[in-house]
Amino acid sequence: MTAFLAELGKKLAERWVALLALPGVLFLATALTAATLGHARALDWRRLVAAVPSGLAPVRLVLLAVALLVAASAVGLAARGLGALVEAVLLGRARGPLRWLVKRRQRRWDRRDDAYEQAPVEEQADRAADRNRVALTRPGRLTWVGDRVRAAGVRVHGHYGLDVTFTWACLWLVLSDAVRADVTAARAALRDAAVLGAWGVAYLAVGAWWWPVAPVALVVLVTARRRARAAADSYAALVEAAYDLHAADVAEALGLAAPDRVVTPALGRVITERLRKGA
């Protein structure tokens, strides 16, 4: 038991350092550098060196280190909180004035869908790929990431008659541990990409006082965007695949017959109504 607790403590400490302490320390160091140098003397490293206090007593150094770690952890927690907000924006519905952005994306999708419908058979694959670069189904969210995740539910409902909102929990219970691990990892990757985007926003704010950090912030934001799109695509594809391979298991677990392990839209609607329970 002692060895287990020691190993657990080690793992928790490693995660704390990786997720909160180190990113927070780096951000605090950047913010302090920005406050010290500003735009006018952005590359004056001598001024930065001169600003570092010297001759501190050991006790004060220890206290300063502890305060720095506490502040860094607080900054890390704030960044993860901001990451949750970024994730909600990526996945959520557009409200108020932002609705025009969704309508703009819908018009782009409609034009490309019309081109797909009217194209000769030999060109339809290219036209479909062109349309799908906007969204896999007609847009209903503010971002490509949000529509990619939403498309999984739309496609499952259209093909199987299953409402993901009410059937996912039941499906989750019949999945193997390996499949659950893959889905969980993909979802975590999307969350991590949102947190990275939050760090990018924070560094961009610091760039208002110290210009050298602004290009770095832009690189972080571009990287976060690419990772978010890749993670959303992987997560949505895994959700769809889980239904493709195990929707019949849900039917059987509920005592419903799925001949040849095929869930028809009619059977899917029966499953959905049972799991909705009148909601």
Side-chain angles (χ1 to χ4, degrees), residues 78-119 123-159 162-166 168 183 186-208 211 213-241 243:
R80 296 193 75 80
L82 180 59
L85 178 60
V86 171
E87 184 180 14
V89 171
L90 288 175
L91 298 178
R93 296 176 180 272
R95 302 182 185 279
L98 294 178
R99 283 291 305 169
W100 75 270
L101 291 173
V102 177
K103 292 179 180 179
R104 178 172 174 269
R105 297 184 70 242
Q106 288 175 342
R107 289 193 293 270
R108 287 177 60 204
W109 193 91
D110 289 340
R111 287 195 298 269
R112 298 187 185 194
D113 187 53
D114 289 341
Y116 162 75
E117 295 290 348
Q118 298 169 11
E123 295 181 10
Q124 284 189 337
D126 291 337
R127 294 292 175 265
D130 190 41
R131 177 197 61 193
N132 293 344
R133 276 192 287 271
V134 178
L136 204 58
T137 58
R138 193 169 191 268
R141 295 291 185 268
L142 184 63
T143 66
W144 185 95
V145 169
D147 273 318
R148 182 65 187 94
V149 174
R150 172 180 172 272
V154 173
R155 286 157 59 87
V156 166
H157 186 270
H159 194 76
L162 294 167
D163 189 324
V164 172
T165 301
F166 294 97
W168 175 250
V183 174
R187 187 65 182 85
L190 179 56
R191 188 177 301 112
D192 290 344
V195 173
L196 183 62
W199 280 116
V201 172
Y203 278 104
L204 195 61
V206 174
W211 65 262
V213 79
V216 177
L218 292 176
V219 170
V220 171
L221 287 171
V222 170
T223 302
R225 176 179 179 272
R226 294 184 63 180
R227 289 186 179 181
R229 288 172 70 97
D233 190 39
S234 177
Y235 174 65
L238 285 170
V239 169
E240 279 195 57
Y243 276 97

*Within the distance-only criterion (no hydrogens, no angle test), does the side chain of T137 pair as donor or acceptor with the backbone N or O of A151 below 3.5 angstrom?*
no
_Gap between atom OG1 of T143 and atom CG of L101 - 0.5 Å precision_ = 11.0 Å
_So that I can tick it off, tell me whether R138 and D110 are bridged by a salt bridge, with the cut-off set at under 4.0 angstrom between side-chain N and carboxylate O._
yes
_Closest heavy-atom pair and its distance - W144, V134_ = CD1-O, 3.4 Å
_Interatomic spacing from CZ in R111 to CZ in R107 - rounded to 0.5 Å_ = 7.5 Å
_If I take atom CD from residue Q106 and atom CG from residue D147, how far apart are they, to the nearest 0.5 angstrom?_
8.5 Å
*Any residue meeting salt bridge (Lys or Arg N to Asp or Glu O under 4.0 Å) with R133, in chain and number order, not counting sequence neighbours*: D130
*Check: V239 and W168 side chains under 4.5 Å, non-hydrogen atoms*: yes
*asked:* Side chains of L190 and L91, heavy atoms from C-beta outward: is any pair under 4.5 Å?
replied: yes
*Do you know which two heavy atoms are closest between A186 and L238, and how far apart they sit?*
CB-CD1, 3.8 Å
*Assess whether side chain to side chain contact (heavy atoms under 4.5 Å, CB included) is satisfied between V154 and L136, documenting all intermediate values.*
CA-CA 10 Å; V154 173; L136 204 58; over 6 Å; no
*Carboxylate-amine/guanidinium contact R187 E87, below 4.0 Å*: yes
Can you give the donor-acceptor pairs under 3.5 Å from side chains of residues 214-235 to other protein atoms, not counting sequence neighbours?
residue, atom, partner, partner atom, Å
T223, OG1, V219, O, 2.8
D233, OD1, R148, NE, 2.8
D233, OD1, R148, NH2, 3.4

*asked:* Holding to salt bridge (Lys or Arg N to Asp or Glu O under 4.0 Å), I want the full list of residues that pass it with R141, two or more places apart in sequence or in another chain.
replied: none
*Can you see which heavy atom on L142 is nearest to which on L98, and at what distance?*
CD1-O, 4.0 Å
_Nearest 0.5 Å, please: how far is CD in Q124 from OH in Y116?_
4.5 Å
*Smallest separation among heavy atoms of D192 and R80, with atom names*: OD1-NH2, 4.0 Å
_From R127 atom CZ to Q118 atom CD, the distance as rounded to the nearest 0.5 Å_ = 10.5 Å
*Determine, step by step, whether R155 and Y243 satisfy the side chain to side chain contact (heavy atoms under 4.5 Å, CB included) criterion, reporting the C-alpha distance in whole Å, the side-chain angles of both residues, the deciding distance to 0.1 Å, and the verdict.*
CA-CA 10 Å; R155 286 157 59 87; Y243 276 97; over 6 Å; no
